[in-house]
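Remarks on the structure that follows.
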2 protein chains.
Amino acid sequence: MHSYKYPHPSVTVDCVVFGLDEGVLKLLLIKRLLAPFKDKWALPGGFVLMDEDLETAALRELKEETGVDDLYLEQFQAYGKPNRDPRERVITIAYFAIVNLFKYTLKASTDAKEAEWYPVNDLPSLAFDHENIVLNALSKLQNKVLREPLVFEFIPEKFTLPQVQFVYETILQKKLDKRNFRKKLLATGLIEVLEEHETNVTHRAARFHLFNKDEWNKKSRGGLEFRI
Amino acid sequence: MHSYKYPHPSVTVDCVVFGLDEGVLKLLLIKRLLAPFKDKWALPGGFVLMDEDLETAALRELKEETGVDDLYLEQFQAYGKPNRDPRERVITIAYFAIVNLFKYTLKASTDAKEAEWYPVNDLPSLAFDHENIVLNALSKLQNKVLREPLVFEFIPEKFTLPQVQFVYETILQKKLDKRNFRKKLLATGLIEVLEEHETNVTHRAARFHLFNKDEWNKKSRGGLEFRI
DNA sequence: CCAAAAGTGTTAGAGATACACCCATGG
DNA sequence: CCATGGGTGTATCTCTAACACTTTTGG
């Protein structure tokens, strides 16, 4: 198998999985059951199999950890400092992912493994160089959300505009002007207004909307940007 | 060495090296002397050593291939399709790099290895999945040049504004309005105007300018963007 | 009818775009 | 004095930012 004279490190994928849980931006962490960093929290992830694409590996790991197999996933950086894993040389390809916790109502922790959703503003200390990876992923998410309609990955298919605004405010960590926000969002031509309204609210009911993903796919090829 | 039961693929770095040679955006390619893809052109790169950081590996390879050790270098994507290398599983971390061909007057090819600078618009067919990697790097370069002052990596320390404009036009593949371009560039507050002018031109001599990198480093942390 | 959040329009300022002429240099 | 490209100023338009009141709903 290792028929060449070159070094063969281990290669893993690690996923920074974001989700919006009760209005809080959270991150999925797994408690390590084995050394090193036993009992520390870490990013979900694992070894890339020999005949498996990197993205396939990330999807497989996420499916195992969360049961979710329909999510936004994007590779964003490889980490390979020689001693980032005390056991042996491990190079990891990091992905960031968004899980729609409305679609999959797996609100908090998952199955056998000890997994938990932690608020990004209140993370425990993490194993390996995972804190660094998380910081990079967060900053990537903040940049990206301004150029691509990622926010709709966090919320139900039918959503209200205040809901969308709230997601932007949560991710960007700042307040946005309601009127300007709506104008810009609707001006993209990607939002379909429905007749239906939310119910059971103690105030004026907001209208539901849809995001037109097909239209985005068409436009984005033409170099269009989605800016808030 | 391979003391764990997990798979251990080979890991390489590959570099997409851009340079501006006589006003043409070029890319450094190496002719492969060995199978597979013998005699085909490929990206410079090679195996990551066991005790070497990924970026260090990329720098080392570039130093070997070009003699240059002071260049812009950024990791941009890992490629790991199981059969991208016919010999065995090879995962590659791709970097894009910019060589200042004014600073290092190694205009075209390099040393022992058969290396050549090819215009990006007229590339030969490439080994492995390198054509795909190059396309991704190009698009990355085009995006990035709008947000960060990468262009100055291509040109001499002292430059004229028409020279900068030309680099933008070359990379973005479109004409820019001279007056607006200058206004925006100078409005960044990052360009120092010198008294000195170019010489030996058959028309009005352009003034030299400097790019204030320190100022950029300060400002960019504050989230400022450099837009053209 | 009250509380609470949804929804809406206008104005001022900043930045982008479009455009035409004068200037300095070498030959 | 001519050819060549360097250099500048202004008007319009579009996008952004700031801001306050009316509407709908459930209780």
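Heavy-atom basis, side chains included; hydrogens, waters and symmetry copies ignored. Numbers restart at 1 for each chain; the letters A, B, ... are given by sequence-line order, proteins then strands.
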Hey, does the side chain of A:K103 reach the backbone of A:L71 with a donor-acceptor pair shorter than 3.5 angstrom?
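No, because the side chain of A:K103 does not come within donor-acceptor range (under 3.5 Å) of the backbone of A:L71.
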Does a side-chain heavy-atom distance below 4.5 Å link A:N136 with A:Y79?
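Yes, close enough: below the 4.5 Å cut-off.
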Could you tell me whether the side chain of A:R179 has a donor or acceptor atom within less than 3.5 Å of a complementary atom in the base of D:dA20?
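Yes.
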Would you please test A:Q77 and B:Q75 for side-chain hydrogen bond (donor to acceptor under 3.5 Å, both in side chains) and show each step?
CA-CA 8 Å; A:Q77 179 89 287; B:Q75 187 195 304; 2.9 Å; yes
Spacing of [X] atom [atom1] relative to [N] atom [atom2], expressed in whole Å:
| X | N | atom1 | atom2 | result |
| --- | --- | --- | --- | --- |
| A:F181 | D:dC15 | CZ | P | 18 Å |
| B:K174 | C:dA16 | NZ | P | 13 Å |
| A:L186 | C:dG7 | CG | P | 10 Å |
| A:E198 | C:dA6 | CD | P | 7 Å |
| B:N180 | D:dT8 | CG | P | 14 Å |
| A:H203 | C:dA4 | NE2 | P | 11 Å |
| A:L185 | D:dT16 | CG | C1' | 16 Å |
| A:E196 | D:dT25 | CD | P | 14 Å |

Categorize A:R207 for me: base, sugar-phosphate, or nothing, with a 4.0 angstrom heavy-atom threshold over every strand shown.
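Sugar-phosphate, no base atom in range.
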Looking across every strand, which nucleic acid part, if any, lies under 4.0 Å from A:N200 by heavy atom: base, sugar-phosphate, or nothing?
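Nothing: the residue A:N200, judged by heavy atoms under 4.0 Å, touches no strand.
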Just to verify, which of A:V16, A:V134, A:V17, A:L126 counts as forming a side chain to side chain contact (heavy atoms under 4.5 Å, CB included) with A:L29?
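The passing option is A:L126.
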Passes side-chain contact (heavy atoms from CB on, under 4.5 Å), B:K40 versus B:H130? Steps please.
CA-CA 11 Å; B:K40 271 229 171 184; B:H130 287 189; over 6 Å; no
With DNA chain D as reference, determine whether A:T202 or B:D177 sits nearer its 5' end, using the nearest nucleotide of each.
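On the 5' side of the pair lies B:D177.
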Would one find a side-chain N or O of B:K184 under 4.0 angstrom from OP1 or OP2 of C:dT17?
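So the side chain of B:K184 is within the cut-off, an N or O lying under 4.0 Å from OP1 or OP2 of C:dT17.
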Would you tell me if any nitrogen or oxygen in the side chain of B:R182 comes within less than 4.0 Å of OP1 or OP2 on D:dT8?
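For D:dT8, OP1/OP2 do have a side-chain N/O of B:R182 under 4.0 Å.
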Could you check A:K183 against A:A205 and say which one's nearest nucleotide on DNA chain C is further toward the 5' end?
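Of the two residues, A:A205 wins.
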B:H197 vs A:L161, nearer the 5' end of DNA chain C by closest nucleotide
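The 5'-side residue here is A:L161.
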